[in-house]
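No experiment lies behind these values; they were computed from the predicted model shown. Chain letters run A, B, ... following the sequence lines, proteins first and then strands; every chain starts at 1.
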Number of protein chains: 2
Amino acid sequence: IIKIEKIHRYFTVGEERVHALREVSFQIYPGEFVTIMGTSGSGKSTLLNILGCLDAPSSGEYLLDGQSIRQMSKDQRAEVRSQKIGFIFQSYNLLPKTTALENVELPLLYNASVSAQVRKSKALEALQAVGLSDRVFHKSNQLSGGQQQRVAIARSLINNPIMLLADEATGNLDTRTSYEILALFQRLHAEGKTILFVTHNPDLARFSSRNLVLRDGRILEDSYNTDR
Amino acid sequence: IIKIEKIHRYFTVGEERVHALREVSFQIYPGEFVTIMGTSGSGKSTLLNILGCLDAPSSGEYLLDGQSIRQMSKDQRAEVRSQKIGFIFQSYNLLPKTTALENVELPLLYNASVSAQVRKSKALEALQAVGLSDRVFHKSNQLSGGQQQRVAIARSLINNPIMLLADEATGNLDTRTSYEILALFQRLHAEGKTILFVTHNPDLARFSSRNLVLRDGRILEDSYNTDR
Ligand SMILES: Nc1ncnc2c1ncn2[C@@H]1O[C@H](COP(=O)(O)OP(=O)(O)OP(=O)(O)O)[C@@H](O)[C@H]1O
Ligand SMILES: Nc1ncnc2c1ncn2[C@@H]1O[C@H](COP(=O)(O)OP(=O)(O)OP(=O)(O)O)[C@@H](O)[C@H]1O
Ligand SMILES: [Mg+2]
Ligand SMILES: [Mg+2]
């Protein structure tokens with residue numbers, strides 16, 4: 001489903017070039033559950049942003065479902081994102097003065113094929129799945145850090161994407177809530193979704209079928225969990 | 001150094017009252033290293049905001065160094081904060097289009113007793129202590145999540161506070177970087193600072209002299225680590 005080849009991504013800061021990703025190549029097959037780990041600054045978010053069509057590589061090829069993302073227009077990329085990809089940002093990116101319910105409904109707001117009633121019930125369902133049924137009318141600034149993180153998770157599920165990209169989706173959750181979220185992801189995986197899960201928690205990495213480790217913008221390790 | 005008695009804190013959302021803290025009472029002695037744990041939404045950030053003089057309780061007393069915070073004016077509270085408390089926010093609160101260096105210098109910007117040169121060298125020292133010497137001129141949006149978290153940590157140290165309040169200061173850091181930050185906190189503790197460290201990571205809780213556990217706004221557990 002994903003094929004990336006020799007992806008480079010650098011940023012320019014003043015006179016310096018920061019190489020966030022250096023010749024990264026791999027393939028992800030439909031239905032895989034892949035955890036991505038690596039030290040702070042190793043390139044995980046940069047990689048996920050490229051895979052999520054939110055950022056373009058400096059060079060290299062990205063094929064999603066056989067389609068070249070590089071050759072797409074900005075509008076085509078936005079369409080791919082809204083139809084195929086659910087993204088959970090490391091910093092959530094919730095709308096500030098907006099309720100949890102409205103934040104979760106957002107991806108379906110301009111979808112003409114979904115009525116307001118269906119949109120609302122899907123959003124309530126997603127909020128229940130992350131344990132926030134009693135917080136639906138709280139605005140983003142009236143939620144705890146972990147509750148905000150879970151709103152971001154619920155929002156990523158609402159348009160029923162085939163692929164979920166999660167950038168540290170449990171970084172602000174206690175152990176028990178983290179495992180509840182992991183169990184949710186395992187259910188989604190069992191339903192056939194492809195999941196890429198960036199995490200700093202090595203315990204969570206045991207639950208995936210495959211582990212990628214980044215270091216200084218390169219793939220240090222790409223291994224399959226043989227007991228899964 | 002800290003004495004809180006029967007602290008209540010509720011928020012009003014629509015017609016509902018959310019009891020974030022319910023009759024919380026404890027004392028913290030100078031030089032203690034206390035970890036605070038609890039499930040998402042249990043009241044940890046609310047408690048830390050009150051202890052950091054950023055929020056006032058709905059009722060109850062808070063004495064810091066023998067002074068009643070409730071009876072202080074807004075200006076007096078701001079003075080206590082800038083002189084005695086270093087705060088690391090769960091969502092960092094960095095200035096967006098501003099470099100790491102400028103963000104760390106901020107608490108000393110209006111301190112007439114510190115020259116621009118001393119301020120800059122202190123900021124560079126703090127950034128080195130968190131491993132970001134090579135990122136000082138990056139703006140906040142040019143940093144990874146864990147790098148932003150570490151800028152927030154460096155900023156909290158620069159005015160040499162006697163008390164550090166850290167709200168999930170390692171939530172976005174990989175294991176090795178987390179332990180580097182923990183070692184930094186242990187050095188600061190050895191220098192005599194009082195540290196309150198909210199964390200979701202039970203492994204880190206072993207490094208403190210005392211553990212508080214919150215649940216539904218109450219203290220569930222208050223225990224001393226006998227092997228430390
Ligand atoms: N401004 C607010 N208005 C209304 N409710 C609030 C507000 N701030 C916090 N709450 C509620 O108070 C409770 C405690 O919030 P708090 O942020 O202290 O939790 P926490 O323990 O820090 O959680 P986390 O581990 O997820 O960061 C939560 O249930 C939250 O929804
Ligand atoms: N917009 C940008 N401009 C300049 N440098 C950047 C930019 N975004 C990221 N970087 C740099 O690229 C490197 C990789 O960043 P990235 O956010 O991908 O790391 P990460 O692996 O997600 O880290 P973390 O675990 O801390 O979130 C970092 O060293 C960072 O400083
Ligand atoms: Mg990141
Ligand atoms: Mg919190």
Side-chain angles (χ1 to χ4, degrees), chain A residues 11-16 18 20 37-46 48 89-92 94 96 99-100 130-132 134-150 167-168 170-178 180-181 198-203 205 213-215, chain B residues 11-16 18 20 37-46 48 89-92 94 96 99-100 130-132 134-150 167-168 170-178 180-181 198-203 205 213-215:
Chain A
F11 297 101
T12 309
V13 179
E15 316 218 324
E16 203 194 303
V18 177
M37 298 185 66
T39 57
S40 176
S42 56
K44 307 178 296 296
S45 296
T46 305
L48 227 64
F89 293 89
Q90 189 168 7
S91 54
Y92 323 148
L94 301 182
T99 67
V130 297
L132 290 178
D134 60 350
R135 288 285 177 273
V136 294
F137 298 117
H138 280 233
K139 298 195 170 64
S140 308
N141 62 315
Q142 296 174 321
L143 294 169
S144 78
Q147 290 166 347
Q148 290 172 19
Q149 187 157 45
R150 285 182 275 159
D167 199 348
E168 309 253 8
T170 58
N172 267 300
L173 299 175
D174 55 285
T175 311
R176 192 184 77 187
T177 313
S178 295
E180 284 169 17
I181 293 301
V198 170
T199 180
H200 280 314
N201 188 341
D203 294 330
V213 181
L214 283 178
R215 186 190 219 121
Chain B
F11 297 100
T12 308
V13 179
E15 315 217 322
E16 205 192 301
V18 178
M37 298 185 66
T39 57
S40 177
S42 55
K44 306 177 297 295
S45 295
T46 306
L48 226 65
F89 293 90
Q90 188 168 8
S91 55
Y92 324 148
L94 301 181
T99 67
V130 297
L132 289 177
D134 60 351
R135 287 285 178 274
V136 295
F137 298 117
H138 280 233
K139 298 195 170 65
S140 309
N141 63 315
Q142 296 174 321
L143 294 169
S144 79
Q147 290 167 345
Q148 291 173 17
Q149 186 156 43
R150 286 182 276 159
D167 199 349
E168 309 252 8
T170 58
N172 267 300
L173 299 176
D174 55 284
T175 311
R176 192 184 76 190
T177 314
S178 295
E180 286 170 15
I181 293 302
V198 170
T199 179
H200 280 314
N201 188 341
D203 295 331
V213 180
L214 282 178
R215 187 190 216 121

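With sequence neighbours excluded, the residues that form a side-chain hydrogen bond (donor to acceptor under 3.5 Å, both in side chains) with B/E168 are B/H200. Remark: A/S178 engages no residue in a side-chain hydrogen bond (donor to acceptor under 3.5 Å, both in side chains) (not counting sequence neighbours).
For the residue pair B/Y92/B/D167, the side-chain donor-acceptor check at 3.5 Å is not satisfied.
Only the backbone of B/F137 comes within contact range of chain A, with heavy atoms under 4.5 Å apart. Contact of A/S91 with chain B is not made at all, since no heavy-atom distance falls under 4.5 Å. Only the side chain of A/S144 comes within contact range of chain B, judged by heavy atoms closer than 4.5 Å.
Comparing B/G171, B/S42, B/G131 by how many heavy-atom pairs each has under 4.5 Å with chain A, the most go to B/G171. Contact tally against chain B (heavy-atom pairs below 4.5 Å) for A/V13, A/D134, A/L143: the top residue is A/V13. Comparing A/V18, A/T177, A/T39 by how many heavy-atom pairs each has under 4.5 Å with chain B, the most go to A/T39.
Side-chain N or O atoms of B/Q147 include none that pairs as donor or acceptor with a backbone N or O of B/R135 at under 3.5 Å.
The side-chain heavy atoms of B/V198 and B/M37, taken from C-beta on, include no pair separated by under 4.5 Å.
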